[in-house]
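All remarks here apply to the structure that follows.
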Amino acid sequence: MFTLDALEEAARLVHRAFAPTPQVAWPLLAARTGAEVWVKHENHTPTGAFKLRGGLVYMERLKRERPQVRGVVSATRGNHGQSLAYAGRLHGVPVTILVPHGNSAEKNAAMRAFGARLVEHGADFDAAREEAARLAAAEGLEFAPSFAPDLVLGVATYALEFFRGSPPLDVLYVPIGMGSGICGCILARDLLGLGTEIIGVQSAGAPSYALSFAAGHVVTTPKAETRADGMATRVPDAEALAIIRRGAARIVTVTDEEVAAAIRAYWQDTHNLAEGAGAAPLAALMQERAAMRGRRVGLVLCGGNIDLDLFRDWVMAAA
């Protein structure tokens, strides 16, 4: 469906908004895990997360093909909404974002600061997503899903930078929320003809994709209980699952305690603050350190947008 030329054009579009993020080999992480560890710092984008890349590509196409669009509506726990708000302001497209009640106060504030109209609805992401679809029909807005080809193409640009900017990676750990990040990594790896093993990471309290991967079909869960809100998904996307099952080696699940330990490790070893989903790949590597000893491992630190209260009450309380 995509070509390397299309991916490189998406990268040029993204780089008009911000420079490529760094990939760094951190020696203290190597000492901690026994692997050569390269980190892709998507926490250094203008919104603090990788999702901005997809929002920029999505919004550019929408504005080009439908210049009279009245606005965009979507649901998020934070980073997808920030990306749409940022890109919408850049292209003059009003953006409405639905979030569940109790969503991150700091992510809510960031979305408003980027110009989004914020609406709280429902107990979790999936309830907010249903209301966003209803609002799109009621107000004549474009519904922006959390997984779509333009989003995958956009976020795949970080994988393109990562694969070209680091030595050949044996393994790449990628967190899974709705799936755009890992699907983008699979896309870039395959277009570049690389042999890197891609391993998905989910929360043990929100394992819908892990269950679906094992079952071979979409498996939903009644709840998603994790403090790593970027991975709190109950209902997998069928298209994303198909790509993941074709292109990923497996999916690892990590507990909130393991994620908290990984957030602390990132701070101690790199002085970078990771949100829960951003630290999940390191948590998986730490869980699998014996199997990964001596290998060259890539980790995407996909975001750094963790609330201060959550950091204090979850991450530091267990230190």
Atom of Arg234, atom of Asp124 and distance for their closest heavy-atom approach: NE-OD2, 2.7 Å
So, the side chain of Thr96 versus the backbone of Val73: is there a donor-acceptor pair under 3.5 Å, distance only? no
Hey, is Arg70 close enough to Glu139 for a salt bridge, meaning N to O under 4.0 Å? no
Let me confirm one number: the CD-OG1 distance from Glu9 to Thr157, rounded to the nearest 0.5 Å. 12.0 Å
Are Asn79 and Glu275 linked by a side-chain donor-acceptor pair shorter than 3.5 Å? yes
With distance as the sole test, does Thr233 use its side chain to make a donor-acceptor pair with the main-chain N or O of Pro236 at under 3.5 Å? no
If you take all heavy atoms of Leu84 and Gly55, which pair is closest and at what distance? CD2-CA, 4.4 Å
Side chains of Tyr209 and Val201 in contact at under 4.5 Å (non-hydrogen atoms): no
Can you confirm whether the side chains of Gln23 and Glu161 place a donor and an acceptor under 3.5 Å from each other? no
Less than 4.5 Å apart, any side-chain heavy atom of Arg117 and any of Val95? no
When rounded to the nearest 0.5 angstrom, what is the spacing between CG in Leu62 and CG in Asp150? 9.0 Å
If the condition is salt bridge (Lys or Arg N to Asp or Glu O under 4.0 Å), which residues does Glu8 pass it with, not counting sequence neighbours? Arg164
Transitively linked via ILVMFWY side-chain contacts under 4.5 Å: Leu241 with Met231? no
Which of parallel (below 30°), tilted (30 to 60°) and perpendicular (above 60°) describes His44 and His41? parallel
Tyr158 and Pro20, any side-chain heavy atoms less than 4.5 Å apart: no
Cluster question for you: counting only ILVMFWY and a side-chain heavy-atom cut-off of under 4.5 Å, with indirect links fine, are Trp314 and Met286 together? yes
Any side-chain heavy atom of Ile97 within less than 4.5 Å of one from Ser74? yes
Exam field: side chain Glu130 to backbone Ala127, donor-acceptor pair closer than 3.5 Å: no
Could you tell me if the side chain of Trp267 sits less than 4.5 Å from the side chain of Val315, heavy atoms only? no
Are Ser208 and Thr220 packed together at the side-chain level, in the sense that at least one heavy-atom pair is separated by less than 4.5 angstrom? no
With rounding to the nearest 0.5 angstrom, report the CD1 to CZ distance, Ile186 to Arg245. 12.0 Å
Donor-acceptor pair, distance only, cut-off 3.5 Å: does the side chain of Thr76 make one with the backbone of Gly81? yes
Rounded to the nearest 0.5 Å, what separates atom CG in Leu56 from atom CG in Leu153? 12.0 Å
Step by step, would you call Ser83 with Phe114 a side-chain contact (heavy atoms from CB on, under 4.5 Å)? CA-CA 9 Å; Ser83 78; Phe114 285 126; over 6 Å; no
Main chain of Gly247, side chain of Arg189: is a donor-acceptor contact present, judged purely on distance under 3.5 Å? yes
So, Thr253 and Gln202: side-chain donor and acceptor under 3.5 Å apart, yes or no? no
Give a yes or no on whether Leu187 and Leu192 share a hydrophobic cluster (residues Ile, Leu, Val, Met, Phe, Trp, Tyr; joining criterion: side-chain heavy atoms under 4.5 Å apart). yes
Are the charged groups of Arg227 and Asp256 less than 4.0 angstrom apart, N to O? no
Where Leu7 and Ala156 come nearest, the two heavy atoms and their spacing: CD1-CB, 3.7 Å
If we ignore hydrogens and angles and just use 3.5 Å, is the side chain of Asn305 paired with the main-chain N or O of Thr47 as donor and acceptor? yes
Are the side chains of Cys185 and Phe162 in contact, using a 4.5 Å heavy-atom criterion? no
In one Ile/Leu/Val/Met/Phe/Trp/Tyr side-chain cluster, 4.5 Å: Leu301, Tyr173: yes
Measure from the side-chain N and O atoms of Asp170 to the backbone N and O of Arg296, and report whether any donor-acceptor pair falls under 3.5 Å. yes
Identify all side-chain donor-acceptor contacts of residues 276-285 below 3.5 Å with residues at least two apart in sequence or on another chain.
none

Check step by step if salt bridge (Lys or Arg N to Asp or Glu O under 4.0 Å) holds for Arg250 and Glu288. CA-CA 13 Å; Arg250 53 197 168 83; Glu288 299 191 333; 2.6 Å; yes
On a heavy-atom basis, which atom in Ala224 and which in Ala232 lie closest, and how many Å separate them? CB-C, 3.8 Å
Nearest non-hydrogen partners of Asn103 and Arg77, listed with the distance: OD1-NE, 2.9 Å
Please report the interatomic distance CZ(Arg16) to CG(Leu90), rounded to the nearest 0.5 Å. 9.5 Å
Rounded to the nearest 0.5 Å, how far apart are NE2 of His271 and CG of Leu28? 9.0 Å
Where the side chain of His80 meets the backbone of Pro145, is there a donor-acceptor pair that is under 3.5 Å apart? yes
Show your working on salt bridge (Lys or Arg N to Asp or Glu O under 4.0 Å) between Asp229 and Lys107 and close with a plain yes or no. CA-CA 11 Å; Asp229 57 6; Lys107 287 182 180 177; 3.1 Å; yes
Search all heavy atoms of Lys63 against all heavy atoms of Gly92 and return the closest pair with its distance. NZ-O, 4.3 Å
Could you walk me through whether Thr196 and Phe163 pass the side-chain contact (heavy atoms from CB on, under 4.5 Å) check? CA-CA 9 Å; Thr196 303; Phe163 287 132; 3.8 Å; yes
State whether the side chain of Thr226 and the backbone N or O of Ala206 hold a donor-acceptor pair below 3.5 Å, judged by distance alone. no
Would you say the side chain of Trp26 lies within less than 4.5 Å of the side chain of Asp269, judging by non-hydrogen atoms? no
May I ask you to decide if Asp309's main-chain N or O and Asp307's side chain share a donor-acceptor pair within less than 3.5 Å? no
Test of understanding: clusters of I, L, V, M, F, W, Y form through side-chain heavy atoms closer than 4.5 Å, transitively. Do Phe143 and Val57 belong to the same one? no
Distance alone, cut at 3.5 Å: any donor-acceptor contact between the side chains of Thr33 and Arg289? no
